[in-house]
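Reviewing the structure listed below.
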Amino acid sequence: MTGGLGWMYGRDLPLLNLTFARQINARELLERMGVDRNTVAVRGPDDFHYELGGLLYEDGGYVVSAGHYRSWAWAWEEGSWKCMQDRGLVLRASIGTAALVLYANPKLVGFHYAEDGRLVTGFGNSLAPADRTGSDPHRFDTEMQTLGARPEEDEYGPLGSLGLFYRLAENLGVGVPEDLHERPVLSGRLLPPASR
């Protein structure tokens, strides 16, 4: 499979927490996500691991990397769940534009798409109508059906849940560079969600 997330297919990514926002820069996306501004810097791989590596999987570490892919800014939380824990994050990221949050772990998957501060559609472990949220919860049904899913029957189809979510996201134009850990990227630490 090709596209902005194509390299992720078939990879063992036990924790996936991605936030995207269209037509804003990566620093602004981090600010909308609630970054500690004192921690934001462009870091090469060695500096990243020296300064932030010990926090990657610590509770409360909230390490994030960010950059651009075409017209979208992306932010990858490496070991934290703020994009899932903070329900308002995708809404803040979408003010004046569109934003998307993708997350997955062995038990949960999620796809939340917002425009101009409003959730348009959100779904995850179930495609059933009763389990969807947003002002237009069926916005992506046609695309899902084209990809072999049967949302009316709560069936993800041949791609499975995460593969389906990757393809829906790619259709919006998002991506993350495969070499993000091999070159300098913007990184820092997010502030914990207020509920913590």
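By convention here, the first residue in the shown sequence is residue 1.
- With hydrogens and angles ignored, the 3.5 Å screen pairs a side-chain donor or acceptor of Thr39 with a backbone N or O of Asp36.
- Side-chain contact check for Trp74 versus Ser65: some heavy-atom pair is nearer than 4.5 Å.
- Here the shortest heavy-atom pairing between Gly175 and Phe20 reads O-CE2, 3.6 Å.
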Check the pair Trp76 / Val63 against side chain to side chain contact (heavy atoms under 4.5 Å, CB included), numbers first and verdict last. CA-CA 8 Å; Trp76 185 322; Val63 175; over 6 Å; no
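- Across all their heavy atoms, Ala99 and Val90 have their closest contact at CB-O, 3.7 Å.
- Scanning both residues, Leu164 and Ala149, for their nearest heavy atoms gives CD2-CB, 4.0 Å.
- Across Val35 and Arg189, no two heavy atoms sit closer than the pair CG2-O, 3.3 Å.
- Note on Leu191 and Met84: separate hydrophobic clusters, where clusters join Ile, Leu, Val, Met, Phe, Trp and Tyr whose side-chain heavy atoms are under 4.5 Å apart, directly or indirectly.
- For the pair Ser94 (side chain) and Gly117 (backbone), a donor-acceptor distance under 3.5 Å is present.
- A donor-acceptor contact shorter than 3.5 Å links the side chain of Thr121 to the backbone of Pro137.
- Within the 4.5 Å cutoff, no side-chain heavy atoms of Val40 are placed close to those of Glu31.
- When the shell of 6.0 Å around CZ of Arg118 is examined, it contains 12 or fewer heavy atoms from other residues, nucleotides or ligands.
- Between the side chain of Asn105 and the backbone N or O of Leu108 there is at least one donor-acceptor pair closer than 3.5 Å.
- Exactly one residue among Asn25, Leu29, Leu30 makes a side-chain contact (heavy atoms from CB on, under 4.5 Å) with Arg27. That residue is Asn25.
- Although no hydrogens or angles enter the test, the distance criterion places a donor-acceptor pair under 3.5 Å between the side chain of Glu170 and the main chain of Leu5.
- Side-chain atoms of His68 come within 3.5 Å of backbone atoms of Ala26 as a donor-acceptor pair (strictly under, hydrogens ignored).
- Aromatic pair Phe123/His112: centroids not less than 6.0 angstrom apart.
- When all heavy atoms of Lys107 and Asn125 are compared, the closest pair comes out as O-ND2, 2.9 Å.
- The nearest pair of heavy atoms linking Cys83 to Asn17 is SG-CB, 3.7 Å.
- Contact of the Thr97 side chain with the Arg32 side chain is registered, since non-hydrogen atoms from C-beta on lie closer than 4.5 Å.
- A single hydrophobic cluster is seen to contain both Tyr166 and Leu159, as judged by linkage of ILVMFWY side chains at heavy-atom distances under 4.5 Å, directly or through other members.
- Proximity of a side-chain donor or acceptor of Ser80 to a complementary backbone N or O of Glu77 within less than 3.5 Å is not detected.
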Let's go through Met33 and Asp86 carefully: what are the C-alpha distance in whole Å and the side-chain angles of both, what is the deciding distance for side chain to side chain contact (heavy atoms under 4.5 Å, CB included) to 0.1 Å, and is it a yes or a no? CA-CA 9 Å; Met33 292 175 70; Asp86 181 350; over 6 Å; no
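- Hydrophobic clustering (side-chain heavy atoms under 4.5 Å, transitive across Ile, Leu, Val, Met, Phe, Trp, Tyr) keeps Tyr50 apart from Leu52.
- At least one side-chain heavy atom of Leu162 sits less than 4.5 Å from a side-chain heavy atom of Leu16.
- At distances below 3.5 Å, not a single donor-acceptor pair connects side-chain atoms of Lys82 with backbone N or O atoms of Tyr62.
- With a 6.0 Å radius and a threshold of 12 heavy atoms from other residues, nucleotides or ligands, Arg132 has its CZ atom above the threshold.
- Counting only heavy atoms from C-beta outward, the side chains of Leu89 and Thr19 approach each other to under 4.5 Å.
- Under the 4.0 Å criterion applied to side-chain N and carboxylate O atoms, Glu115 and Arg22 are not assigned as salt-bridge partners.
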The test is side chain to side chain contact (heavy atoms under 4.5 Å, CB included); show your working for Glu51 and Arg43 and say whether it passes. CA-CA 9 Å; Glu51 295 175 30; Arg43 294 176 174 91; 2.7 Å; yes
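- Within the 4.5 Å cutoff, side-chain heavy atoms of Leu18 are placed close to those of Val176.
- Counting only N and O atoms by type, the side chains of Glu152 and His138 include no donor and acceptor under 3.5 Å apart.
- The aromatic rings of Phe165 and Phe111 sit tilted relative to each other, their planes meeting at an angle between 30° and 60°.
- Residue Ile95 is not grouped with residue Tyr113 when hydrophobic side chains (ILVMFWY) are merged at heavy-atom distances under 4.5 angstrom, including chains of intermediate members.
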Determine whether Glu155 and Met144 satisfy the following criterion, side chain to side chain contact (heavy atoms under 4.5 Å, CB included), listing intermediate values before the conclusion. CA-CA 10 Å; Glu155 291 290 329; Met144 286 193 268; over 6 Å; no
